[in-house]
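Starting from 1, each residue takes its place in the sequence as its number. All values below were derived from every heavy atom in this structure, side-chain atoms included, with hydrogens, water molecules and symmetry-related copies excluded.
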Amino acid sequence: MEYPLLFECKGDVKESDEKESEVKRETGKKPISLNLWWTLFTVVTVASFATRLYGIGGTKTVCWDEAHFGKHASWYLNRTFFFDVHPPLGKMLIAGMGYMSGYNGSFHFNKPGDEFGEHNAMGMRIGCTLLGLLIIPIGFLTNWELTGSLSAATIGSVMLIFDTGFTVINRYILLDPLMLFFMSFSFLAMVKFRTLHAESFSKQWWSWLLLTGVMLVCTVSVKFVGLFIVLYVGAFTAFDLWNILGDLSRSWQFFVQHFLARVLCLILVPIALYVSFFYIHFLLLSKSGPGDGHFTALFQSTLEGNIFHNRSIHKEVAFGSVISLKASAMLPCGYLHSHREFYPAGVGAHQQMVTSYMHSDDNNKFVIKRWKDGNVTSDDFVRHGDLVKLEHFLTRRNLHSHNIPALVAAKHFQVTGYGENGNGDDNDVWRTEVVDGKLGDVVKTMSTRVRFRHHFLSCLLTCTAEDLPKEWGMGQLEVACSPWQREIKDNLGFYDHNWLVEENIKENMPQIPIKEVAPGFLLKFLENHKMMFFVNKRIGAKAGYAESGGQIPIKWPFNMIAQIFSSTEPRVYLLGNPIVWWTNVVFLAICPWVIFSAVYKTMRPDNTSTQNSLHPHFWASTWLFIIWGLHYFPFFFMFRTLYVHHYYPALYFSCLLTGVCLDWITKSSFSKLPQQISPLFQLSFLIGLFSALVYSFWYFSPVVYGMSGEVAKHSNSTHHHMWWLEHWDF
């Protein structure tokens, strides 16, 4: 079937590159005027600049998550160490934008609503906006490369331009515009590389393959949700290599060359870049800061100004040492702690409380003593398998457990302080176990992960990460004895039963400079990732969808959520243009049917078409629908706090998909009209579509550029006309 192109140029047109000849070969279309192509591309780019940069300085207060990422940029500029669950590239880029625009890191970004005042923080907001607006020209080029259709490219990009939500999320100091930029560029690079299959190992082929790998690692290095685009490119690469392997006209060596090229550009180079980003991260953040407490004392010792920096320590733990124990998983657990207060009457045994406490003080100190009976060792060092007692330094009561349920973690045993002046009973005895160690291994300060197993109950000393009751728990966490012998669920404490000896005081024992055992870059890199993954799992892990403000994934595509960005006037909300979003939903619903119909028509025995191959729009729709699903459906299986901004990567691909499907369907339909009037109907349809998008954007533009006065849901508000759904709270 002939698919007439809306934007045709009669007469001879000089081809600038091989794109037009490729389109002609694949679709039989006439070449497109370069002047028209560049005109539309320029209009799209200028419209992106206009909608994103207009009124950028209107809100001079901290908006939403700028309180996090602006603060992180300030810490980079001050070289102050901090911890975040996201990789560092995005935050370093924001800090670089601030540095280039003259910001000195002096603003604290304490909370949303704080005014910038005299602090020159707007440069970071403009920098994020500039990268965010480039996403739209990238989307134009992507649809062009996928289909060779100028109308598909224009429709998809105009959908992005005039979406109010996509405009808002790209105008602030956030990681989202940076991640979306790298994600969209990754997809474009992969699509462009796909078109060069006939030019294997050419300079252009290598350039686009390498660029794909670089953009992929940049996406992941901003946010881990960038792994979805990595998964997609990985699947496509496997599919591509399979086709090469199945081509019997090619030699085995040809396949190996392709395989090694992809290993180099899509695996080795990205890994090297990812590690280098963290190297720069640690190099910049050299001073002690608010992130210290997430890491071990040895990690902290590498930070200038930290209490452990340039200290001397006792390397081995000996009997009689005064020690402090800290949960090896760090947050939310802290130090093993006790104080003179008892558990209230009726709460287990009425004995001295033992808890987990985040801050360092003398109530965290215990004396580690040898249990006399059946515990003879050759020296004074504490080793794997030794039987010990832990006597609280200030109260002189022993760490104790018994066959009484813990208060919060009821399947665990209660842990208390028991006895007087260091004298108790046999329930005070614990066996030391070096994690992954063997009998006789010495427990070392700050580096050995050690478990304490109750000698008679065989349970493990565990921070359950459960809050004790506010009435008497003093904001501390429960410590109990876990009977479980293997790791299963977080809420049973199995990431918090390993401990590190942080402080180790023993007279008349030699000391060593802590820098002799301080971790190098690789160990810091691994410890940082362990903590990132651990905290990511814990974020909202126990919260239901109700605690997420009702922002559940099923609501996202239907634009049922208005998320506040700035509560101070002029107020800004993250709310999508309903015309864009609901149009996307329609085409997401009919896309599978359109794809199936195209395949069915090709396979029918009565198909008399001379074009047996599937149309480029078919492949574009298929791949865009798959990548939309990869960026949307996984959130249904994430038991963590979710927000509607998590949908915006999927929204990008759904807008491109709408452009392709709409172009495909309209051209198929209008091609049945007489040739003399078909272009006029196509042009009229597109003018009507673009007019509706522009008008709807103007209609809802106050959520982008600021609202004042009464909120829209009140009938006396000047913005009440925008309140279409009761779900919208703005």
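When each of L574, N170, V168 is checked for a side chain to side chain contact (heavy atoms under 4.5 Å, CB included) with Y648, only L574 meets the rule.
Residues I94 and L178 meet the side-chain proximity criterion, which asks for heavy atoms closer than 4.5 Å. In this structure the side chain of T167 reaches within 4.5 angstrom of the side chain of R52, judged on heavy atoms. Counting only heavy atoms from C-beta outward, the side chains of L651 and C655 approach each other to under 4.5 Å. Between F224 and P87 the shortest side-chain heavy-atom distance falls below 4.5 Å. You'll find the side chain of V62 reaches within 4.5 Å of the side chain of F107, heavy atoms only. Side-chain contact between P557 and Y647 is present, with heavy atoms from C-beta onward closer than 4.5 Å. Within the 4.5 Å cutoff, the side chain of F187 has heavy atoms near those of the Y232 side chain. You'll find the side chain of W64 reaches within 4.5 Å of the side chain of L174, heavy atoms only.
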key: Evaluation steps, side chain to side chain contact (heavy atoms under 4.5 Å, CB included), between F185 and L211   = CA-CA 9 Å; F185 212 148; L211 187 60; 3.7 Å; yes

task = Take M532 and F83 through the test side chain to side chain contact (heavy atoms under 4.5 Å, CB included) and record every step on the way to the result.
result = CA-CA 8 Å; M532 289 166 69; F83 169 78; 3.8 Å; yes

inquiry  = Using side chain to side chain contact (heavy atoms under 4.5 Å, CB included), reason through F182 and L93 one step at a time and then give a plain yes or no.
reply    = CA-CA 12 Å; F182 290 123; L93 288 175; 3.8 Å; yes

task = Please lay out, stage by stage, how T568 and T61 fare under the test side chain to side chain donor-acceptor pair (under 3.5 Å).
result = CA-CA 8 Å; T568 57; T61 58; 3.3 Å; yes

ring-ring contact (aromatic ring centres under 6.0 Å, His included) assessment of F81 paired with F295 = CA-CA 11 Å; F81 186 78; F295 299 98; 5.6 Å; yes

Step-by-step side chain to side chain contact (heavy atoms under 4.5 Å, CB included) determination, V644 to Q551 = CA-CA 6 Å; V644 70; Q551 298 192 19; 3.9 Å; yes

request  = Apply ring-ring contact (aromatic ring centres under 6.0 Å, His included) to the pair F558 and W582, showing each step before the final yes or no.
outcome  = CA-CA 6 Å; F558 301 98; W582 296 343; 9.2 Å; no

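In plain terms, the two heavy atoms of L146 and A620 that are nearest each other are CB-CB, 3.8 Å. Annotation for S186 and T219: closest pair OG-OG1, 3.4 Å, computed over non-hydrogen atoms. Nearest heavy atom pair, residue M707 against residue E569, reads O-CG, 4.1 Å. The two residues W728 and M722 make their nearest non-hydrogen contact at CZ3-O, 3.2 Å. Across all non-hydrogen atoms, the minimal contact from S101 to G123 is OG-CA, 3.4 Å. Listed here is the closest heavy atom pair of T296 and E527: N-OE2, 2.8 Å.
Between the side chain of R171 and the main chain of Y54, a donor-acceptor pair closer than 3.5 Å is present. In terms of modelled atom types and a separation under 3.5 Å, the side chain of W75 and the main chain of G105 share no donor-acceptor contact. With hydrogens and angles ignored, the 3.5 Å screen pairs a side-chain donor or acceptor of T164 with a backbone N or O of N577. The closest donor-acceptor contact from the side chain of R125 to the backbone of Y172 lies at 3.5 Å or more, if one exists at all. Judged purely by atom type and a 3.5 angstrom limit, N143 uses its side chain to pair as donor or acceptor with the backbone of A152.
Within 6.0 Å of the CZ atom in F521, the count of heavy atoms belonging to other residues, nucleotides or ligands exceeds 12. Under a cut-off of 6.0 angstrom, the local environment of CH2 in W698 is sparse, with at most 12 non-hydrogen atoms contributed by other residues, nucleotides or ligands. By the neighbour-count criterion of 12 heavy atoms within 6.0 Å, atom OH of Y99 is sparsely surrounded, having that number or fewer from other residues, nucleotides or ligands. Counting non-hydrogen atoms of other residues, nucleotides and ligands closer than 6.0 Å to CD of E115 gives a total of 12 or fewer. The 12-atom threshold is not exceeded at NE2 of H108, counting heavy atoms of other residues, nucleotides or ligands nearer than 6.0 Å.
Checked by atom type, the side-chain pair S74/Y103 shows a donor-acceptor distance below 3.5 Å.
To the nearest 0.5 Å, the span separating CD1 on I138 from CG on L656 amounts to 11.0 Å. Taking CD1 of I627 as the start and CG of L657 as the end, the distance is 11.5 Å to the nearest 0.5 Å. M358 contributes atom CE, which lies 8.5 Å from atom CG of L477 (distance to the nearest 0.5 angstrom). Between the CG atom in L130 and the CZ atom in F49 there is a gap of 6.0 Å [rounded to 0.5 Å]. Atom CE of M179 and atom CD1 of I229 lie 10.0 Å apart (nearest 0.5 Å). Going from atom OG of S276 over to atom CG of L283 covers 11.5 Å, rounded to the nearest 0.5 Å.
Using a 30° and 60° split on the angle between ring planes, F697 and Y705 fall in the perpendicular class, above 60°. Using bins of under 30°, 30° to 60° and over 60° for the plane-to-plane angle, the ring pair W628/F625 lands in the tilted bin. Using cut-offs of 30° and 60° for the angle between ring planes, the F533 and H529 rings count as perpendicular.
Judged as a ring-ring contact (aromatic ring centres under 6.0 Å, His included), and not counting sequence neighbours, the contacts of Y76 are F82, H281. Applying the salt bridge (Lys or Arg N to Asp or Glu O under 4.0 Å) criterion to K91, with sequence neighbours excluded, gives D84.
Here E145 does not pair with R194 in a salt bridge; the nearest charged N to carboxylate O distance is not below 4.0 Å.
A cation-pi arrangement is present between K524 and F299 under the rule of less than 6.0 angstrom and at most 45 degrees off the ring axis.
Remark: aromatic rings of F282 and F525 are distant, center separation not under 6.0 Å. Ring-centre distance between W144 and F41: not below the 6.0 Å cut-off. Outside the 6.0 Å centre-distance limit, the rings of F162 and F166 are not counted as a close aromatic pair.
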